[in-house]
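Single-structure report; data block below.
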Amino acid sequence: MEESGVSVDRNSIQFIASQPWPFPNSFMVGFHATATPTATTTTANDDDNENSSLPPIHVDTDEMEDVQWFHKDYVASRLQGGSTALEQYKKSSDEEEEFHIPGKSSLARILITKWALGDN
């Protein structure tokens with residue numbers, strides 16, 4: 001993947017959804033894919049501290065502020081509370097700083113929800 005440096009199994013790539021992008025004449029598309037295991041790492045926020053075969057992430061700080069692996073159960077539990085919009089006028093909690101949930105109408109939220117809740 002371009003911004004995270006994570007390779008994916010090309011046979012696992014599945015189109016999920018699309019939406020217009022705010023830049024002129026642009027279109028955003030969203031896919032799910034399976035990361036290609038390359039090293040043993042610990043999943044962030046995994047209460048059992050289980051090891052899994054997740055590849056290392058290499059953050060391109062020109063493109064992304066932060067990239068982490070999260071356990072599916074952790075993500076699913078955060079979806080129940082709705083969006084955690086980090087507007088400038090709103091004081092965000094430590095939990096929101098750690099894991100931000102995009103708004104319900106965003107492509108990112110659709111992708112996260114379908115993955116975490118198994119709704120493919």
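Predicted model only: the values in this text are computed from it and were never measured. Basis for what follows: all heavy atoms, side chains included, without hydrogens, waters or symmetry-related copies.
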Give, for atom CD1 of Ile110 and atom OG of Ser105, the distance between the pair rounded to the nearest 0.5 Å. 8.0 Å
Please report the shortest heavy-atom distance between Asp9 and Asn11, naming the atom on each side. OD1-N, 2.9 Å
CG on Leu54 to CZ on Phe70, rounded to 0.5 Å: 12.0 Å
Minimum heavy-atom distance Val6-Pro56, with the two atoms named: CG2-O, 4.0 Å
How many angstroms lie between NE2 in His32 and CD1 in Ile13, if you round to the nearest 0.5 Å? 12.5 Å
Nearest atoms (heavy-atom pairs only) where Met28 meets Leu107: CG-CD2, 3.6 Å
At what distance, to the nearest 0.5 angstrom, does CD of Glu65 lie from CG of Asp60? 13.0 Å
Minimal heavy-atom distance between Gly103 and Ser106, with the atoms involved, is O-OG, 2.8 Å
Hits for ring-ring contact (aromatic ring centres under 6.0 Å, His included) against Phe27, two or more places apart or cross-chain, chain-then-number order -> none
Taking all non-hydrogen atoms of both residues into account, name the closest pair between Val8 and Thr36 and its distance. C-OG1, 3.2 Å
Just how far is it from atom CG of Leu79 to atom OG1 of Thr113, taken to the nearest 0.5 Å? 4.5 Å
Hey, could you give me the NZ/CD distance between Lys114 and Gln14, rounded to the nearest 0.5 Å? 9.0 Å
Shortest non-hydrogen pair, His71 vs Trp115, comes out as C-CH2, 4.2 Å
Can you confirm whether Trp69 sits close enough to Pro55 that some side-chain heavy atom of one is under 4.5 Å from a side-chain heavy atom of the other? yes
Any donor and acceptor pair, going by atom type alone, linking the side chain of Ser18 with main-chain N or O of Val29 inside 3.5 Å? no
